[in-house]
Amino acid sequence: MAEQVISAPRSLPVGPVESHGVGWNGMACLIASEAALFGYLLFSYYYLGASNPRGWLMEPHPDLHLALPNTLLLLASSVAAWWGERGVRQESKGQALAGLALALVMGTVFATVQVYEWHAKTYAPGTSSYASLYFITTGLHMAHVVIGLAVLAMLILWIAFGYFSPLRRLPVSNGVLYWHFVDAVWLFVFTTYYLTPLLGFAR
Amino acid sequence: MTPARSQRMIADTPEIGEVTQALRDRLEAIWETKPGFVGWLASVDHKEIGLRYIVTAFLLLAIGGVEALVMRLQLIGPDRHLLTPEQYNQFFSTHGMTMIFLYASPILSGFSNYLFPLFLGSRDMAFPRMNALSYWVYLASALFLYAGFVVGAGPNDGWFNYVPYASREYNPGLNMDIYALGMILLGISTSVGAANFIVTVFRCRAPGMSINRMPVIIWGTLTASVANLVVIPAVSLAFFLLWLDRQFGTHFFDPAGGGQPLLWQHLFWMFGHPWVYAIVLPAMGMVSDGLPVFCRHPLVGYTAVALATVATMVLGFGVWVHHMFATGLPGLSLSFFSGASILIAIPSAVAIFAWIATIWLGRPILTTAFLFFASMILLFVIGGVSGFMTASVPVDWQLTDTYFIVAHIHYVLIGINVFPVVGATYFWFPKMTGRLMDERLGRWNFWTMFAGFNIAFLPMHLTGLMGMPRRVYTYPAGMGFTTLNLITTIGSFLFAAGVLMFFWNVVKSWRGGAEAGPDPWKGPTLEWAIPSPPPPYNFAVIPTIATRHPLWEDDLDEGRARSTLDRGMTLAHGKEALATTSLDGEPDMILKMPEDTLAPLMLTLALTLLFAAMLGKLWWLAAIGSGAVLAALIFWTWPRRQLLEREAAVHG
Amino acid sequence: MNGPLAYLDGFGRRADIVVPLTWAVTIISIAVCIVIAALLWMAIRRGREAAGVDAMAVRRSEGGMRFITIGLAVSLVPLLVTLVWTMSALAAIGAPPRRARVEIDVTAHQWWWQADYAGDQPSLGLRTANEIHIPVGEPVLLRLRGADVIHSFWVPKLSGKTDLIPGQTNLTWIEANAPGRYRGQCAEYCGLQHAHMAFEVVADTPAQFAAWRQAQLQTAPPAATPQQARGRALVEYRCALCHTVRGTIAGSNVGPDLTHLMSRSMIAAGTLPNDSAHLAGWIVDPQSFKPGSLMPAQALTGDQLADVTAYLETLK
């Protein structure tokens with residue numbers, strides 16, 4: 001005897017709750033695609049590095065004096081953003097604003113230092129393929145930092161308006177997730193441009 | 001606010017009800033597109049968007065087809081000069097760009113857009129506004145890309161656009177800049193659409209539709225979308241780097257500055273080969289779902305076919321170098337990619353034998369749709385074995401860049417894309433319009449297309465074996481190409497006549513075809529359970545799925561569980577849809593769907609302005625464009641009041 | 001299957017290895033198409049119904065998976081055979097069977113071919129264009145470079161394609177086992193005149209090859225008549241900007257080396273037969289034969305053209 005099945009759930013969340021919602025899936029797709037973009041950029045670096053004769057590296061011994069602290073600063077900004085998100089989760093507006101504002105400031109300092117690094121270079125994007133790659137990779141990363149900072153700024157504004165609560169906070173979770181991604185991808189860029197030459201790649 | 005009140009706004013027990021006229025009226029009022037031109041521009045209805053995609057893509061198919069016919073006139077005999085070399089080069093490049101980028105993928109997006117929520121028992125896609133965005137950006141990029149061709153500055157280096165010929169030194173005009181920037185713009189559309197398909201499949205299925213109960217076309221589009229999501233950045237990056245090389249003197253592809261022409265080829269084909277699968281896998285899914293209906297037999301080997309779809313793409317990521325066998329790569333690399341390219345035939349064979357078994361065990365009814373689907377099997381095999389021949393490196397060193405490859409790519413793209421798509425039109429046209437297409441004209445349509453196509457392209461294999469190189473604007477007499485080319489030209493015009501019959505049939509049937517009713521083919525899947533054309537909300541109640549073929553359960557009588565289609569969650573408190581869990585399809589949350597909005601169109605206009613400014617290197621205008629993009633994004637993402645806790649009381 | 005560029009028959013050591021493989025995969029492919037077409041035909045004939053969908057309930061028949069398992073098992077055989085055969089053929093043609101005694105640097109230009117033969121000493125090296133002579137029965141090593149954009153070196157009767165890419169040098173080798181003229185063609189799209197970028201490989205007996213080589217080392221003969229002298233002066237004035245005629249002041253390398261122009265059977269990269277009428281026509285209006293060619297039209301009077309042609313015809 002056939003038996004009809006029918007789905008009649010007792011209670012369902014209405015709209016996104018906590019970090020749950022299709023918007024999260026959408027952000028995951030965006031991050032996957034962006035990660036792939038950086039994957040192809042780094043592929044280009046390793047491909048050109050491996051197929052060029054010695055001397056291709058413009059900086060066989062990269063200077064870590066600014067880059068390493070700057071990298072740590074960017075990572076710390078991720079922690080600040082996480083702490084700010086926690087503020088939203090715990091309904092502490094002050095902590096939320098402070099955390100995200102701190103991340104915003106740290107991110108801005110990172111960007112400023114990076115711009116200074118660019119100015120300090122002895123080569124320009126048109127100097128060689130290494131130089132082109134260095135500037136376009138860090139440049140595209142910078143574009144992501146700027147977008148991330150804009151996102152943080154908007155989140156700060158919306159938190160100040162009191163738009164979010166511990167349950168309704170998907171935009172915050174998504175925005176902070178994006179910021180984590182921007183920081184994580186820098187680790188790969190940093191490793192490629194600053195550490196692999198020290199380990200002997202293309203040197 | 002009290003915790004109890006907060007609780008109710010955040011969670012709700014969905015009402016269960018029957019399909020009643022009152023419910024339909026209520027949903028209609030909530031979901032319908034607002035009247036007027038602005039309402040039309042603002043619509044986020046997936047059916048509306050899907051139709052726009054389909055109409056636009058077919059128009060571009062017609063334009064690309066005319067370009068092909070002009071080229072065939074040039075090649076009808078040796079040493080003919082209807083087109084200058086430059087014109088011919090722009091024609092073949094634009095033809096490739098049109099068919100591959102502006103027809104083959106968008107047409108599938110159109111069908112998937114229209115059909116996904118219907119297949120899945122959902123009221124819309126996961127991100128309706130992004131859906132509208134992907135269409136508008138597609139339209140904008142098509143206009144952008146064609147703007148150059150119209151003024152004689154179309155792409156002239158093939159759709160593959162190899163450097164250094166694409167670099168500024170050899171190609172000083174705007175041709176390549178338009179192509180590069182237009183392709184980046186199109187990439188945005190494709191990526192956004194791909195993300196939408198992925199999330200829709202994983203989150204917007206009817207309850208009970210676990211992933212092993214999805215129609216095969218869903219597997220095809222899902223696989224293609226995952227691939228697109230991760231390979232589009234490769235080609236967008238390549239075009240971006242090319243633009244920088246051309247306009248700002250960087251050296252990514254310039255050997256004089258330590259760059260590599262082959263870097264272009266790697267980035268392009270890392271994208272390009274998965275892309276080829278992305279424009280055939282959904283079409284194979286159309287056959288897997290459509291053919292069984294006319295065989296009155298479920299698809300044989302559903303699981304095998306679904307897994308083969310995924311396996312094709314997994315292998316498809318590892319075969320890009322077979323486009324580069326002649327570039328002087330080391331032997332080990334040649335062996336690896338040759339092996340992978342030979343073995344990729346295995347998953348395709350699974351699908352072929354599954355379809356044949358389905359016809360064999362069923363009782364085929366020879367409708368026009370069936371003819372298109374069944375003939376695709378043969379065309380797929382011909383295109384497949386010629387691909388298998390090129391996978392063998394020593395053989396490929398002869399075949400590559402001859403007309404053999406032109407024949408191969410047309411068997412793949414016309415055989416596995418155009419034929420299933422035309423079949424799918426005959427199959428789903430009644431659902432989209434409520435009218436049947438003319439079957440008598442359909443036969444003429446099919447046999448003309450089938451004969452014309454094979455007359456044009458089967459001899460072309462021989463043209464290639466005789467050694468005719470690709471992408472030549474003319475050829476000398478005495479090479480053994482003349483007769484073969486004449487036959488191909490005749491066949492191509494016959495094929496074009498068949499395509500015209502198809503368009504005529506669509507127009508004629510749309511205006512005055514026979515009434516179709518909700519389920520003219522007695523199909524198995526959910527789209528046949530609702531009226532034709534579907535109401536704006538698709539499903540008045542959310543169906544519950546118990547098997548892979550909800551509408552065939554009584555016939556098949558396999559197992560005891562039966563789907564429930566006429567009773568279920570009504571979700572009529574505003575524009576609501578159901579989200580389910582990724583794998584099992586258990587109800588997970590109620591989605592508050594966005595209203596119609598102009599935001600996608602605004603963002604598209606802002607993006608187009610930005611890209612036009614980049615093309616003209618008008619930086620002040622680019623700054624305005626960027627500002628407009630930012631403004632449109634902020635407007636778009638501004639949290640909706642009904643989803644903010646303090647406003648949530650409006651619910652219910 | 002006869003035609004200057006057809007490759008289902010071959011005349012070289014590489015072709016001997018590749019042609020059977022090509023035939024094998026072609027026959028396998030045709031067989032697969034026939035089998036599938038027959039299966040499809042039988043499947044449709046077998047259960048074909050005149051009834052509409054309305055009248056027919058859906059039934060599931062058992063045993064469908066057998067099609068897939070048997071089909072796959074059968075398909076695997078030709079796939080694996082091809083895989084093994086491909087790998088062994090690839091190994092066999094990967095390198096010349098013995099050290100090549102003739103080495104040629106081939107440089108592809110838009111839209112012609114330059115060939116430089118290495119000699120045991122620099123004075124024995126020579127340069128020619130669009131017609132490459134090789135000794136029969138000897139493997140010849142080719143070093144391939146692209147001067148501007150990517151081209152592809154292809155002599156179908158002797159071997160498959162290898163690209164000539166700016167910034168890198170690709171190696172390949174050819175060996176003819178019968179004397180003759182083998183047509184070659186650029187096989188990578190390279191711009192306006194990709195269609196007219198052909199060349200010839202001429203396989204000579206060892207004695208002929210040695211004689212050819214000796215002849216090519218000679219510089220251009222002096223003008224023997226007043227007409228030739230006037231022609232030579234015009235060539236030095238008009239053509240020297242792009243072309244070399246060794247023994248004169250013409251020494252530029254933008255276009256093909258003309259020192260032994262008349263030893264070649266074709267002009268304009270395999271586009272026109274090399275006779276005086278075509279030569280004169282080409283000099284006066286190259287753009288009508290190869291629109292976009294980098295060779296500009298020469299505004300010469302009828303007498304001047306006759307002088308130039310008369311001189312060029314001495315460059316044997």
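Side chains are part of it too, since the values below use all heavy atoms of this structure and drop only hydrogens, waters and symmetry mates. So you know, we letter chains A, B, ... as the sequences are listed, proteins then strands, and number each from 1. Given the structure is predicted, the values throughout are model-derived calculations rather than measurements.
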For the atom pair [atom1] ([X]) and [atom2] ([Y]), what is the distance rounded to the nearest 0.5 Å?
X       : Y       : atom1 : atom2 : value
L39(C)  : I377(B) : CG    : CD1   : 10.5 Å
W397(B) : T162(C) : CH2   : OG1   : 6.5 Å
L83(C)  : S338(B) : CG    : OG    : 7.0 Å
D557(B) : R59(C)  : CG    : CZ    : 9.5 Å

With only heavy atoms counted, which part of [X] is less than 4.5 Å from chain B, the side chain, the backbone, both or neither?
X       : answer
R66(C)  : neither
I93(C)  : side chain
I28(C)  : side chain
M87(C)  : side chain
R60(C)  : both
R45(C)  : neither
D163(C) : both

Options [options], ranked by heavy-atom pairs under 4.5 Å with chain B, top entry:
options                 : result
I165(C), I17(C), V32(C) : I165(C)
L144(C), L76(C), L40(C) : L40(C)
T86(C), T26(C), V19(C)  : T86(C)
G64(C), G167(C), S61(C) : S61(C)
A37(C), G191(C), G63(C) : G191(C)

Choice from [options] maximising heavy atom contacts with chain C below 4.5 Å:
options                            : answer
L366(B), V472(B), D555(B), I356(B) : D555(B)
E558(B), H549(B), H81(B), M468(B)  : E558(B)
R471(B), E86(B), H297(B)           : H297(B)
D396(B), D79(B), V395(B), V300(B)  : V395(B)
A256(B), G464(B), G480(B)          : G464(B)
L343(B), T358(B), L262(B)          : L262(B)

Minimum-distance pair of heavy atoms, taken over all atoms of V393(B) and L90(C):
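Result for this residue pair: CG1-CD1, 3.8 Å.
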
Of the non-hydrogen atoms in C33(C) and L378(B), which two are nearest, and what is the gap between them?
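Of all heavy-atom pairs spanning C33(C) and L378(B), the closest is O-CD1, 4.1 Å.
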
Centroid separation under 6.0 Å, is that true for the rings of Y88(B) and H194(C)?
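So the answer is no for these two rings.
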
Output field: ring centroids Y162(B)/Y189(C) closer than 6.0 Å:
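Aromatic pair excluded; centres sit 6.0 Å or further apart.
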
W355(B), F353(B), W360(B) screened by ring pair (Phe, Tyr, Trp, His ring centres under 6.0 Å) with F67(C), the one that passes:
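Among W355(B), F353(B), W360(B), the one that satisfies the ring pair (Phe, Tyr, Trp, His ring centres under 6.0 Å) with F67(C) is W360(B).
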
Under 3.5 Å, side chain of Q398(B) to main-chain N/O of P156(C), donor-acceptor pair present?
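Side chain of Q398(B) to backbone of P156(C), a donor-acceptor pair under 3.5 Å: yes, one is there.
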
Any donor-acceptor pair under 3.5 Å from Q168(C) side chain to T327(B) backbone
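Checking the backbone N and O of T327(B) against the side chain of Q168(C), a donor-acceptor pair under 3.5 Å is found.
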
Audit row: Y473(B), Q193(C), side chain to side chain donor-acceptor pair (under 3.5 Å) steps and yes/no
CA-CA 8 Å; Y473(B) 72 97; Q193(C) 282 303 328; 3.0 Å; yes

